[in-house]
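Both backbone and side-chain heavy atoms feed into the values below; hydrogens, waters and symmetry mates do not. A note on names: the letters A, B, ... follow the listed sequences, proteins ahead of strands, and every chain is numbered from 1.
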2 protein chains.
Amino acid sequence: MLRAARKIAALLPKTPLLPLEVDGRTIWCKAEVLQPIGAFKIRGAWHRLTDLTEEQRGRGVVGVSSGNHAQGVAWAAKRLGVAATIVMPGNAPKAKLAATRALGAEVMLYDRATENRDEIAAALVAQSGGTLVHAYGDPWIIEGQGTVGIEAAEQLEERIGRGPDRIVACCGGGGLTAGLALACPDAEIFIAEPEGWDDMLNSLAAGEIVSVRDMSYPTDCDALQTPRTFPINFAVLKERVSGGAAVTPADVSAAMKLAFERLHLVVEPGGAAALAAVLSGKVQASDATVVTLSGGNVDQETFVRMISA
Amino acid sequence: MLRAARKIAALLPKTPLLPLEVDGRTIWCKAEVLQPIGAFKIRGAWHRLTDLTEEQRGRGVVGVSSGNHAQGVAWAAKRLGVAATIVMPGNAPKAKLAATRALGAEVMLYDRATENRDEIAAALVAQSGGTLVHAYGDPWIIEGQGTVGIEAAEQLEERIGRGPDRIVACCGGGGLTAGLALACPDAEIFIAEPEGWDDMLNSLAAGEIVSVRDMSYPTDCDALQTPRTFPINFAVLKERVSGGAAVTPADVSAAMKLAFERLHLVVEPGGAAALAAVLSGKVQASDATVVTLSGGNVDQETFVRMISA
């Protein structure tokens, strides 16, 4: 993972680690919304694509994503001159669809409720000979996302003289969370998932991977609408996750509003889940807690509705 | 000014310098909205208050401000155990009034259209023996705000191998702008003021300090509603300002909306004026232009109205 961290450090400045007072305690918010694509996903995508061989680059890459990983892959592909095709849900936020296309990727739409995106991607890979860049079930992606933890630990050490003893992460398929768990072995890992999409918490409770029960359960946290985790992520998380919470729409609204008022950051619903878990008291903060603000790509109407709720 | 920069560096991490593509050109946005008080004003206030003698600290400080300098003085005063009284307009944004009080300062309200805030502050100083911490007409404040330029120059040098050749600054009384002019002697300085409150541009054109003509001219840029500059600021700016523009409400809305969408930052109207000047084409960007995003303290209703316009 240190090799990934060196690659990211050479490419992108550290995102800020911002203090926020919550109930008299300071928590530390890792502002990944300030990445060039507005989310941490640029890290894993860059790590993966830069490790492709020349021949692999020539055949292009295929990704699946509701929009943040899509932009990460598209951004890295554009910079490296690699063709990218991204399988995205038709109901992805307009901002994410537009930004992915603006980065030059070809976008293939699918129906989130009825189609299996992994099957669509596999067919594309079989047809083109391109490389699948999975959104979370991939060792490069996990390593790349884990650089969030390496940076945050360095920054917290500078600020308070110690690294995090607790990290609360927004969790979809578990790419970021597995990366953080590997990057910060001394920190307790807690996860936040949206109500109805808490398949990781259910999997951890069951001791085996279980899927989301109702794929049409409504949520604004599109970035965390992952049907099920992958064995590579689950193998790490079942050993390392200390707890977590499913957050409600009201929890997420409160977190987005606080980030607006006190941090002056635009955080998308899925990116605010970890802060929502702490604010709601569902996950306790310690004296050295890092919280991921993992993405900020939200349509204006959704943002206005959430902070006005 | 290097002494000020060392004091600020010891207290606060650098705010990010974020790239933004505008008409095919990259401009560099200095995100001062991410300061603990949501604005650059923390810099000058900290520099001034830490240079007070023990005896001066005991008698307290008096500030005048629509809300960002207020929070800067209140934040520094709280940290140093100094009593602070701030003269603020009764129609200041609710968020600014609440945040200043939450930092423990005593707030005295005045009517912006009919009362002279400097006279009110002078009376308070005469009564208490406290030290006036002026929002812009003060050498410590100018030096402190100038550290924005020192940081931005270091950051741009790291990113593109050279410092800024042009800086576009949001301009109220001219504290920040004078500081930037002194910090970056090789850069051209441009200023942005709100329509109706372009007294600095009028002063520069006239060759002498002139006041705002209509103190009741409506604007959302409360942070830039300064009746007139002070001789110390004007002496610097008349030698160093290359140009500037008065921005309209539509220009400011467009800038706030772009910062929301592409940078995921909440920028208040007055803090978006410099970006508005560049976006509207009223000030041209160069290949190494830094733009200040100077504050983010905006009420929710105002923010929603501006980004929905």
### Message
Quick check on the structure: residues of residues 32-40 of chain A within a heavy-atom distance below 4.5 Å of chain B, by number.
### Response
A/Val33, A/Leu34, A/Gly38
#### Entry: Residues in residues 15-30 of chain B near chain A [non-hydrogen atoms, under 4.5 Å]
B/Pro16, B/Leu18
### Message
Please output the residues of residues 250-266 of chain A in contact with chain B, using a heavy-atom cutoff of under 4.5 Å, in numerical order.
### Response
A/Lys257, A/Phe260, A/Leu263, A/His264, A/Leu265, A/Val266
### Task
Answer whether the closest heavy-atom distance between the side chains of B/Pro13 and A/Arg159 falls below 4.5 Å.
yes
### Message
Counting only non-hydrogen atoms closer than 4.5 Å, can you tell me which residues of residues 65-78 of chain A sit against chain B?
### Response
none
